[in-house]
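Excluded from the calculations below are hydrogen atoms, water molecules and symmetry mates; all remaining heavy atoms, backbone and side chain alike, are included.
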Amino acid sequence: MSEGDGVAEGGAVSEGDGVAERRLHPVTPLRRAWAPVAVVIGWAVHDPDGAQRHLTRLTTTTLLIGLAVIVPAAALYGFCSWWFTHFAVTDTELRIRTGLVFRRTAHIRLERIQAIDITQPLLARVAGVAKLKLDVIGTDKKDELAFLGADEARTLRAELLARAAGFAPETAHEVGEAPSRQLLRVPPGVLAVSLLLTGATWGSLAAALVVPPVLWLVTHSLWTVLAVALPLLGAAGASSVGRFVGEYDWTVGESPDGLRIDHGLLDRAHETVPPGRVQTVRIVEPLLWRRRGWVRVELDVAGSSNSVLVPVAPRELAETVVSLVLPGVTVPQSAALSPSPRRARWCVPVWWRGYGLAVTDAVFAARSGLLARSLALVPHAKVQSVRMTQGPWERARGVADVCVDTGANKVVRARLRDADEARELLAQQAERSRTGRGDALPDRWMA
């Protein structure tokens, strides 16, 4: 492939088929130069005793010589990996060529692109560059272009979305980024209070404070205490400070190419929830949020890692956003959910009261949880299969579970329904899914 390479007009790389290719931003080698250093650090972490022994044997002169070799080698690696990375947009695909020794060419069909996210880590924001992450149908791993100039990243994203929406190549450049209308913004104070009222925050913090002293009393081993305490402290930080930093200034906007989500205090992310790709929406209502009327909206998107739509918001506003993600869907209220039969208490004591089910013309809605209630909404068109499960104890009590599988490889389960009702649901849901897929709108941007 490289035999026909040349230099096109304007300094861009040109392949043998005449397609002009571009390189990433010149700051990219600084990012990739860390790879050899990371290998050394990884070896030291994997075998700290061996690393310490080798380090104590080295003289100052040897260390300086080692640095004089490693630093230029890392810089050369970063430069070469950048120099041999090219990308191009053709009439039908995005082509990414990488590799110095082992060449890899990714051919990404434009009509298979379902979402493009722009992320800016803290240092990237300082340098004025950004990273493009592409969600492609049928792949679990995201291809990315890191790094591009911030303006170039936005322009390329708009062009790729326009191509994916069906615009001709000659007009895609003129479409530009679709306008956006802000729907909601989560104030930092509300986000902080919501985290303080979340059980996971206090549970992980309590574990971090209680478990290490108990281990010390039992083992009197500092290394055992540290091995347990550090992960617990990390989990406590991730569930509180980490979430606050990641979900800071959460903004949801409406545009023709889907719902746009911007968030992040240090690392800024610009994500898109693609229309028609949402498989499941969950409205989560922790116990301590109910008095304030707050909920959290999560979602499953086929082939995407986007999992949060709204971190915290009043229920009425959250339901408005859900109606845009799932057009034509009205969120069933608690009174509309039929509970499990009373005899289900012998299968799941106490917690059986949290189960409920509502099936409308648009969605299969199943509720679970008692302290933290979660209502899962699955559009009939997104149901891939439906089945009934019934263990021996459930058969004895005349109840069964009805499970629906979605395109995001997730399962939504209606727990402990009456067995006759479950059999009827099984047949009806299969028919609703078939007719729903026939009436579903095309999964395209700007349609």
Determine whether [X] and [Y] make a side-chain contact, defined as any pair of heavy atoms from C-beta on separated by less than 4.5 Å.
X: T119; Y: K133; result: yes
X: L205; Y: W202; result: yes
X: T90; Y: R95; result: yes
X: F84; Y: T98; result: no
X: V297; Y: V308; result: no
X: V363; Y: T330; result: no
X: E159; Y: L94; result: no
X: T272; Y: I261; result: no

With side-chain contact (heavy atoms from CB on, under 4.5 Å) as the criterion, how do R387 and C403 come out once you've worked through the C-alpha distance, each side chain's angles and the decisive distance to 0.1 Å? CA-CA 5 Å; R387 64 186 186 277; C403 308; 4.0 Å; yes
Test side-chain contact (heavy atoms from CB on, under 4.5 Å) applied to L309 and V321, step by step: CA-CA 9 Å; L309 181 59; V321 177; 3.6 Å; yes
Identify the two heavy atoms, one from [X] and one from [Y], that lie closest to each other, and give their separation to 0.1 Å.
X: L377; Y: A365; result: CD2-CB, 3.5 Å
X: P332; Y: A336; result: CB-CB, 4.5 Å
X: V412; Y: A366; result: CG1-CB, 4.0 Å
X: A192; Y: F244; result: CB-CE1, 4.0 Å
X: A229; Y: P212; result: CB-CG, 3.6 Å
X: A358; Y: L337; result: CB-CD2, 3.4 Å

Are [X] and [Y] linked by a side-chain donor-acceptor pair shorter than 3.5 Å?
X: Q429; Y: S433; result: yes
X: S334; Y: R373; result: no
X: S374; Y: R282; result: no
X: S385; Y: D405; result: yes

Hey, what do you get for [atom1] ([X]) to [atom2] ([Y]), rounding to the nearest 0.5 Å?
X: D117; Y: L132; atom1: CG; atom2: CG; value: 9.0 Å
X: L299; Y: L259; atom1: CG; atom2: CG; value: 9.0 Å
X: F364; Y: T406; atom1: CZ; atom2: OG1; value: 12.0 Å
X: E93; Y: L110; atom1: CD; atom2: CG; value: 7.5 Å
X: L183; Y: R260; atom1: CG; atom2: CZ; value: 11.5 Å
X: E254; Y: T320; atom1: CD; atom2: OG1; value: 11.0 Å

Which class fits the ring pair F79 and W83: parallel under 30°, tilted 30 to 60°, perpendicular over 60°?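 Parallel, since the angle between the ring planes stays under 30°.
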Kindly assign one of parallel, tilted or perpendicular to the pair W250 and H263, based on the angle between their ring planes and the thresholds 30° and 60°. parallel
side-chain contact (heavy atoms from CB on, under 4.5 Å) assessment of K382 paired with V278: CA-CA 8 Å; K382 302 304 180 183; V278 176; over 6 Å; no
Looking at L370, I'd like to know if its CG atom is crowded, meaning that more than 12 non-hydrogen atoms belonging to other residues, nucleotides or ligands lie closer than 6.0 Å. yes
Ion pair check, [X] and [Y], cut-off under 4.0 Å:
X: R97; Y: E21; result: yes
X: R154; Y: E152; result: no
X: D249; Y: R268; result: yes

Determine whether L160 and V89 satisfy the following criterion, side-chain contact (heavy atoms from CB on, under 4.5 Å), listing intermediate values before the conclusion. CA-CA 8 Å; L160 293 175; V89 182; 4.0 Å; yes
Do any N or O atoms from the side chain of H380 and from the backbone of T360 form a donor-acceptor pair under 3.5 angstrom? yes
For the pair Q333 (side chain) and V331 (backbone), establish whether a donor and an acceptor sit closer than 3.5 Å, ignoring hydrogens and angles. yes
Does NZ or CZ of R292 lie under 6.0 Å from the centre of the six-membered ring of W294, at an angle within 45° of the ring axis?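 Yes - R292 lies over the ring of W294, closer than 6.0 Å to its centre and within 45° of its axis.
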Using the rule salt bridge (Lys or Arg N to Asp or Glu O under 4.0 Å), only one of R315, R367, R296 pairs with E285; which is it?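 Passing option: R315.
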